[in-house]
Amino acid sequence: CAEPISDKVRFGLASMPSNMDPGFATDAASSRIGRLLYQRLVDFDDSKQAIPSIATWQRLAPQHYRFTLNDKASSFSDNTLLTASDVKATYDFILNKKNNSPHRASLAVIEKIENPDEKTIDFYLNKPDPLFPGYLVVGIMPEEKLKNGFSFAEKAVGSGDFIFLAKEEDKIHLQRKSDNLLVDFIHVPNPTVRTLKLMRGEIDIIQNDLLPELVNFLGTQEDINISNINGSSFAYIGFNMQDLVLSQLNIRQAITFGIDRDEIIHYVFADAARKALSILPSDHWAGMKPSSVISYNPEKAKTLLAQSGYSIENPLHLTFKTSSDPFRLRLATIYQHQLKKIGIELDVRSYDWGTFYGDIKNGQFQLYSLAWVGIKTPDIFRYTSHSSAVPPNGANRGFYVNKQVDRLIESAEAEQQLEQQAKYYRQLQAVLLKDLPYMPLWYENNVVITRKNIKNYTLAADGNYDGLITVGL
């Protein structure tokens, strides 16, 4: 095998970030690379509780939080110091309706922001919210560049552990501040090609997005290390609730009963995944307890389809969109095979990531599959399931409307005690599981494969790339 470059780490990506601007980043690659480039006020511990990142906070009144920047707040890559005015400018930008930030809905509780001094940010809310600190995870951008209309989508200017150097069509070049180590993110969409490049020493790290048989094969190679942990990224099948067919509950139930998740997890994932019931894992403080189970039941699925006049002889035709990633395409063809047995003909259509993700955000689909990554706080339910959060006001991409769901979300948000909040959120998740605006699939394990020269790269449950902060050669 070829020897890797000694002063550079090369990270193979299945898909390039769609938008490196923290105000608009919603896909996994954008969010994960953004964490390396930008600092944020708040982070989370292993129990998903909010903890200080570059700011501590006090709740001075039910609707008033004061954040104070600490010594971790660093300078931006343009050598200007991160101050309270940059924090205010970042969140003011997101809250401005004209900018159409997808994060605006989750921050709508903010009434106004003030800066008493260069270290202090006062957030005044339009209603009490004990979870509010956990919402402040957007990367902080410099005020001056926001005012001048600078495009952060192509050139990042942050204060994180890495400095942005350049972006090419299939590469992103970063430099670590602590020791000038270079990190290249290299887009290699084909998993087999990524595997071969790793073996030849052309890339040094692959994280996730590999076929299980490729992972097993790499495990037999002497110069390769593999590690994995349970993940928290929630995979699901989304339904377009405006579609005349998919708006029928019995159809959504039939699809859910017609897909054998146990078989897929065992044979496709080699048991490296856990079945899911909700976006939040059951070990989350507001997670749904695993008392309700969705089981594979093809006979029940056939009965449900028959209610709308469909059968194996008279099948229902549906279109399923997915990315061109071979593993995602393989999963789609498995859904296609399983659903055919109950009377559903699935037309699988795959697209490059940009086209696919654009269609999903614009509601141009019947069914699709994606995953929510890095979810820490239950405000995700307002963002994904409240009737007010249809795009561009949020990520209710299936146009789901349920007054009971809206009330439970609002009741949880109004509650000041976490124990009672958790009760409302569990009730909410039970309703979502019954109503099925999306089908829960699984939480995939996170796996990282590195060449033997790579040291001190640690995996996180949410699949972030923070291991690059400590990685060594």
Side-chain angles (χ1 to χ4, degrees), residues 22-23 25 34-35 37-76 80-97 99 101 103-147 157-161 285-286 374-380 382-383 409-410 412-422 425:
R35 281 181 60 88
L37 293 166
Y38 293 91
Q39 291 184 303
R40 62 213 72 82
L41 294 182
V42 173
D43 216 327
F44 292 87
D45 62 17
D46 293 338
S47 64
K48 309 300 185 295
Q49 296 289 340
I51 57 173
S53 180
I54 64 168
T56 57
W57 65 85
Q58 298 172 282
R59 192 178 189 184
L60 301 182
Q63 294 172 228
H64 179 196
Y65 282 85
R66 170 163 289 177
F67 282 74
T68 304
L69 295 177
N70 57 35
D71 293 339
K72 292 182 182 179
S74 185
S75 295
F76 292 108
T80 59
L81 182 65
L82 189 157
T83 68
S85 61
D86 299 305
V87 177
K88 182 179 186 301
T90 296
Y91 283 98
D92 281 343
F93 177 87
I94 291 169
L95 292 168
N96 189 331
K97 291 182 181 180
N99 296 323
S101 169
H103 304 303
R104 180 174 173 270
S106 62
L107 295 166
V109 69
I110 299 174
E111 183 70 32
K112 65 177 179 177
I113 308 170
E114 293 181 351
N115 294 142
D117 56 56
E118 65 177 15
K119 291 280 189 180
T120 307
I121 312 100
D122 283 336
F123 290 91
Y124 295 91
L125 312 184
N126 51 39
K127 60 182 179 181
D129 191 338
L131 298 182
F132 174 70
Y135 307 160
L136 302 181
V137 293
V138 176
I140 305 303
M141 296 170 280
E143 177 188 23
E144 196 61 34
K145 284 188 163 46
L146 283 167
K147 285 182 177 179
V157 180
S159 61
D161 291 278
W285 66 266
I375 303 304
K376 303 294 194 305
T377 57
D379 65 301
I380 184 66
R382 172 172 282 277
Y383 187 54
I409 291 172
E410 292 157 9
E413 292 172 342
E415 181 57 54
Q416 300 305 298
Q417 300 298 320
L418 289 187
E419 184 177 340
Q420 186 60 35
Q421 273 199 339
Y425 280 123

Can you tell me how far the [atom1] atom of [X] sits from the [atom2] atom of [Y], to the nearest 0.5 Å?
X      : Y      : atom1 : atom2 : answer
His64  : Asp122 : NE2   : CG    : 3.5 Å
Tyr383 : Leu107 : OH    : CG    : 10.0 Å
Leu41  : Leu69  : CG    : CG    : 7.0 Å
Lys88  : Thr83  : NZ    : OG1   : 11.5 Å
Glu413 : Lys127 : CD    : NZ    : 4.0 Å
Phe67  : Ile113 : CZ    : CD1   : 10.5 Å

Do Pro116 and Arg66 come close enough that some side-chain heavy atom pair is under 4.5 Å? yes
With a 4.5 Å heavy-atom cut-off, do His103 and Pro22 have their side chains touching? no
Verdict with supporting geometry, Asp129 and Tyr135, side chain to side chain contact (heavy atoms under 4.5 Å, CB included): CA-CA 10 Å; Asp129 191 338; Tyr135 307 160; 2.7 Å; yes
Taking the side chain from [X] and the backbone from [Y], do they hold a donor-acceptor pair closer than 3.5 Å?
X      : Y      : answer
Asp43  : Ser53  : no
Ser101 : Gly23  : yes
Gln421 : Glu415 : yes
Asn96  : Phe93  : no
Gln39  : Lys72  : yes
Tyr124 : Tyr65  : no
Gln416 : Ala414 : yes

For a side chain to side chain contact (heavy atoms under 4.5 Å, CB included) with Val42, tell me which candidate from Thr56, Ile54, Ile51, Leu136 qualifies. Leu136
Return the set of residues passing ring pair (Phe, Tyr, Trp, His ring centres under 6.0 Å) with Tyr91 (not counting sequence neighbours), or none when no residue passes. Phe123
Could you tell me which residues satisfy ring pair (Phe, Tyr, Trp, His ring centres under 6.0 Å) with Phe44, sequence neighbours excluded, listed by chain and number? none
What's the shortest heavy-atom distance between Leu131 and Pro378, and which atoms? CD1-CG, 3.7 Å
Minimum heavy-atom separation for Ala84 to Ile121, with atom names? CB-CG1, 3.6 Å
Counting only heavy atoms not in Gln417, do more than 12 sit closer than 6.0 Å to its CD atom? no
Side-chain donor-acceptor distances from residues 138-146 under 3.5 Å, at least two apart:
| residue | atom | partner | partner atom | Å |
| --- | --- | --- | --- | --- |
| Glu143 | OE1 | Ser85 | OG | 3.2 |
| Glu143 | OE2 | Lys147 | NZ | 3.2 |
| Lys145 | NZ | Asp78 | OD2 | 3.1 |

Hey, mind stepping through Leu81 and Ser75 against side chain to side chain contact (heavy atoms under 4.5 Å, CB included) and telling me if it holds? CA-CA 4 Å; Leu81 182 65; Ser75 295; 3.8 Å; yes
Pair Arg382, Glu410 - check side chain to side chain contact (heavy atoms under 4.5 Å, CB included), show working. CA-CA 8 Å; Arg382 172 172 282 277; Glu410 292 157 9; 3.7 Å; yes
Please verify the inter-ring angle class for Trp285 with Tyr425; under 30° counts as parallel, over 60° as perpendicular, anything in between as tilted. perpendicular
